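What follows is a short report on a single structure.
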Amino acid sequence: TIKTRVYGVLFKIRDAVGEKLSDYSKITVTVYWPDKVVTKHSPDDQGIVRLVMNKDTIETMTGFRRPESPVEVPKAPEGENRVVVEWAGVGKIAEQSVRVEGGKTEGGATVTIEREILTDVFDLVVAVKTPFGTPMAGADVTLKKLDGSTVDTVVGSDGTVAITEVPLG
């Protein structure tokens, strides 16, 4: 009899300060498993990625057959996983190594390991000034983010504009 330990793993995708993003539709998470399997995932609307290996997630498989694991069945082996988070149109916004360690059971049940993945997504304040260095209050501005999306807004009385969830690239 050969026994292996496998774990449930959840990745929580967050901005640079640990806050949930408002939209995860442009986010893709690629996981490089310790046994050379590569899986690709889309976060749910809460930014959660459940690490699972099945026909919907496998990009590269090292074994002779493709597993058909339901989402609720844990499959993560012990070892080092490399997690790469990408924003469509921008590229990589996070890369982190996550270690799944052995010996973690609760009453013989599989333990779910949760890890927060912080991304290079920030809220910014942009100062808009006249050629004379004074605030350009009330000006209509259109700001274009790296992913091609635009923000149309009006400059505040202090000459600044707040832009949320800006991915660096």
Side-chain angles (χ1 to χ4, degrees), residues 4-63 66-126 143-151 160-169:
T4 61
R5 292 182 210 178
V6 293
Y7 301 89
V9 179
L10 297 178
F11 299 121
K12 294 180 180 180
I13 310 303
R14 299 294 184 249
D15 71 6
V17 295
E19 298 294 323
K20 186 174 106 40
L21 298 173
S22 63
D23 179 23
Y24 286 94
S25 63
K26 294 184 177 186
I27 303 288
T28 303
V29 179
T30 305
V31 181
Y32 299 85
W33 298 46
D35 58 359
K36 309 299 183 223
V37 169
V38 178
T39 55
K40 196 166 277 202
H41 309 266
S42 297
D44 67 14
D45 61 352
Q46 297 300 308
I48 303 296
V49 170
R50 181 180 295 275
L51 188 57
V52 67
M53 184 187 336
N54 65 25
K55 66 179 177 52
D56 297 325
T57 63
I58 290 178
E59 293 290 308
T60 304
M61 182 70 191
T62 56
R66 295 170 79 81
E68 294 301 322
S69 302
V71 171
E72 63 276 2
V73 176
K75 286 282 190 181
E78 294 178 357
E80 204 75 26
N81 293 274
R82 186 166 55 98
V83 180
V84 177
V85 182
E86 294 178 295
W87 185 300
V90 174
K92 182 170 55 173
I93 58 170
E95 183 170 346
Q96 185 172 324
S97 184
V98 174
R99 179 133 188 92
V100 176
E101 297 178 310
K104 297 184 178 184
T105 58
E106 294 172 2
T110 301
V111 172
T112 298
I113 298 165
E114 295 183 13
R115 294 290 187 268
E116 190 172 72
I117 308 292
L118 299 181
T119 62
D120 289 333
V121 176
F122 297 87
D123 292 342
L124 304 176
V125 175
V126 176
L143 301 164
K144 186 175 180 181
K145 295 182 183 180
L146 285 175
D147 65 356
S149 63
T150 58
V151 176
T160 63
V161 174
I163 312 165
T164 60
E165 298 181 0
V166 178
L168 301 182

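By convention here, the first residue in the shown sequence is residue 1. Quantities reported herein were computed from a predicted structural model and do not represent experimental measurements.
- Heavy atoms only, all atoms of each residue included: V29 and P43 are closest at CG2-CG, 4.2 Å.
- Atom-to-atom distance recorded for I48:CD1 and R50:CZ is 9.0 Å, nearest 0.5 angstrom.
- Taking each heavy atom of D15 and V17 in turn, the nearest pair found is OD1-N, 3.0 Å.
- Partners of E86 according to the side chain to side chain donor-acceptor pair (under 3.5 Å) rule, which considers only residues two or more places apart in sequence or in another chain, do not exist here.
- The CG atom of L21 sits 5.5 Å away from atom OG1 of T119, with the distance rounded to the nearest 0.5 Å.
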Practice prompt. Go through the steps for D44 and Y24 under the test side-chain contact (heavy atoms from CB on, under 4.5 Å), then give the verdict.
Written response: CA-CA 7 Å; D44 67 14; Y24 286 94; over 6 Å; no
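- For the pair T30/V38, a side-chain contact is recorded, criterion being any heavy-atom separation below 4.5 Å from C-beta on.
- The pair R14-E19 does not meet the salt-bridge criterion, since no charged nitrogen lies less than 4.0 angstrom from a carboxylate oxygen.
- When side chains are defined from C-beta on, E80 does not count as touching V98, because their heavy atoms never get closer than 4.5 Å.
- Proximity of a side-chain donor or acceptor of E95 to a complementary backbone N or O of V83 within less than 3.5 Å is not detected.
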Discussion item. Go through it in stages, so that I can follow the logic: the residues are L51 and T39, the test is side-chain contact (heavy atoms from CB on, under 4.5 Å), and I'd like the CA-CA distance, side-chain angles, deciding distance and then a yes or no.
Written reply: CA-CA 8 Å; L51 188 57; T39 55; 3.9 Å; yes
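- Scanning both residues, K20 and D45, for their nearest heavy atoms gives NZ-O, 3.5 Å.
- Closest heavy-atom contact between D123 and T164: OD1-CA, 3.2 Å.
- Residues meeting the side chain to side chain donor-acceptor pair (under 3.5 Å) test with Y32, sequence neighbours left out: none.
- With rounding to the nearest 0.5 angstrom, the CD1 atom of I27 is 7.5 Å from the CD1 atom of I13.
- Under the side chain to side chain contact (heavy atoms under 4.5 Å, CB included) criterion, D147 pairs with K26, W87, V90, K145, S149, not counting sequence neighbours.
- Remark: T150 pairs with no residue by the side chain to side chain donor-acceptor pair (under 3.5 Å) rule, at least two apart or across chains.
- Distance check: L10 CG to R115 CZ gives 10.5 Å after rounding to the nearest 0.5 Å.
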Worksheet item: Should I163 and V126 be marked as a side-chain contact (heavy atoms from CB on, under 4.5 Å) after you check the CA-CA gap, both sets of side-chain angles, and the distance that decides it?
Response: CA-CA 8 Å; I163 312 165; V126 176; 3.5 Å; yes
Item to complete: Apply side-chain contact (heavy atoms from CB on, under 4.5 Å) to the pair V166 and L146, showing each step before the final yes or no.
Response: CA-CA 8 Å; V166 178; L146 285 175; over 6 Å; no
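- When all heavy atoms of V31 and N81 are compared, the closest pair comes out as CG1-OD1, 3.9 Å.
- Residues A94 and L118 come closest through the heavy atom pair CB-O, 3.5 Å.
- The shortest distance between side-chain heavy atoms of R82 and S97 does not fall below 4.5 Å.
- In this view, V125 and T160 satisfy the side chain to side chain contact (heavy atoms under 4.5 Å, CB included) rule, not counting sequence neighbours.
- Contacts of Q96 classified as side chain to side chain donor-acceptor pair (under 3.5 Å), with partners at least two apart in sequence or in another chain: none.
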